[in-house]
A.B. asks: 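Here it is, the structure, as structure tokens.
As the structure is a prediction and not an experimental result, all values here were calculated from the model. In listed order, ligands and their atoms are each counted from 1.
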Amino acid sequence: MSRIVWAASLAVILVLGARILYPAAAPHLRSEHSRPAAHLHGQMVAIVEGGKLFHDPACTYLHGKARMVTAEEAARLGYTPCPRCMKSALEH
Ligand SMILES: [Zn+2]
């Protein structure tokens, strides 16, 4: 019996934990392009000093000396997703 209670408690903890990590109830953010990092969590992207966009390192629209940063860092520095290679970040 105590085993069932323990298993049920664990299930509740997992569900609550998942809600905290992946809040499903945030549809108002889906069209908010100013926060692209929400869709690119932890992804490494390429930026160019003085540029405005961040790219997939393989993007053909990436010119100059690029450096790799996380998408969060790029967004914090004021970069926005490239409409060609970062299309997935602009959708959803
Ligand atoms: Zn690009």
Side-chain angles (χ1 to χ4, degrees):
M1 185 61 191
S2 64
R3 230 179 159 161
I4 294 166
V5 172
W6 185 84
S9 301
L10 188 67
V12 169
I13 290 164
L14 287 174
V15 168
L16 290 176
R19 285 223 178 146
I20 292 164
L21 290 173
Y22 306 105
H28 60 284
L29 288 175
R30 290 182 183 212
S31 61
E32 200 176 321
H33 290 178
S34 61
R35 301 185 68 181
H39 306 300
L40 292 162
H41 197 76
Q43 184 177 330
M44 293 303 287
V45 299
I47 60 169
V48 178
E49 294 298 336
K52 289 187 171 68
L53 302 172
F54 64 78
H55 301 264
D56 181 285
C59 180
T60 55
Y61 290 87
L62 180 62
H63 298 295
K65 192 178 164 203
R67 71 182 171 106
M68 299 300 293
V69 296
T70 63
E72 285 90 344
E73 178 70 6
R76 195 162 67 235
L77 292 169
Y79 290 84
T80 54
C82 170
R84 285 92 177 186
C85 65
M86 287 288 156
K87 209 159 177 270
S88 62
L90 297 168
E91 291 170 348
H92 304 294

A.B. asks: Do Cys82 and Phe54 make a side-chain contact, defined as non-hydrogen atoms from C-beta onward lying under 4.5 Å apart?
C.D. replies: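 No - every pair of side-chain heavy atoms lies 4.5 Å or more apart.
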A.B. asks: Any donor-acceptor pair under 3.5 Å linking the side chain of Tyr79 with the backbone of His55?
C.D. replies: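 Between the backbone of His55 and the side chain of Tyr79 there is no qualifying donor-acceptor contact (under 3.5 Å).
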A.B. asks: For Leu53, which fellow cluster members are found when Ile, Leu, Val, Met, Phe, Trp and Tyr are connected by side-chain heavy-atom distances below 4.5 angstrom, either directly or through intermediates?
C.D. replies: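 Besides Leu53, the hydrophobic cluster comprises nothing; the residue is isolated.
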A.B. asks: For Pro81 and Met86, work out which heavy atoms get closest and say how close.
C.D. replies: CB-CB, 3.5 Å
A.B. asks: Report, one line per pair, each donor and acceptor closer than 3.5 Å where one atom sits in a side chain of residues 60-70; sequence neighbours left out.
C.D. replies:
{"residue": "Arg67", "atom": "NE", "partner": "Glu49", "partner atom": "OE2", "Å": "2.8"}
{"residue": "Arg67", "atom": "NH2", "partner": "Glu49", "partner atom": "OE2", "Å": "3.4"}
{"residue": "Thr70", "atom": "OG1", "partner": "Glu73", "partner atom": "N", "Å": "3.1"}

A.B. asks: Under 2.8 Å from the Zn ion (ligand 1), which protein N, O or S atoms do you find? Ignore water molecules.
C.D. replies: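 Listed by chain and number, the nearby protein N, O or S atoms are His55 ND1, Cys59 SG, Cys82 SG, Cys85 SG.
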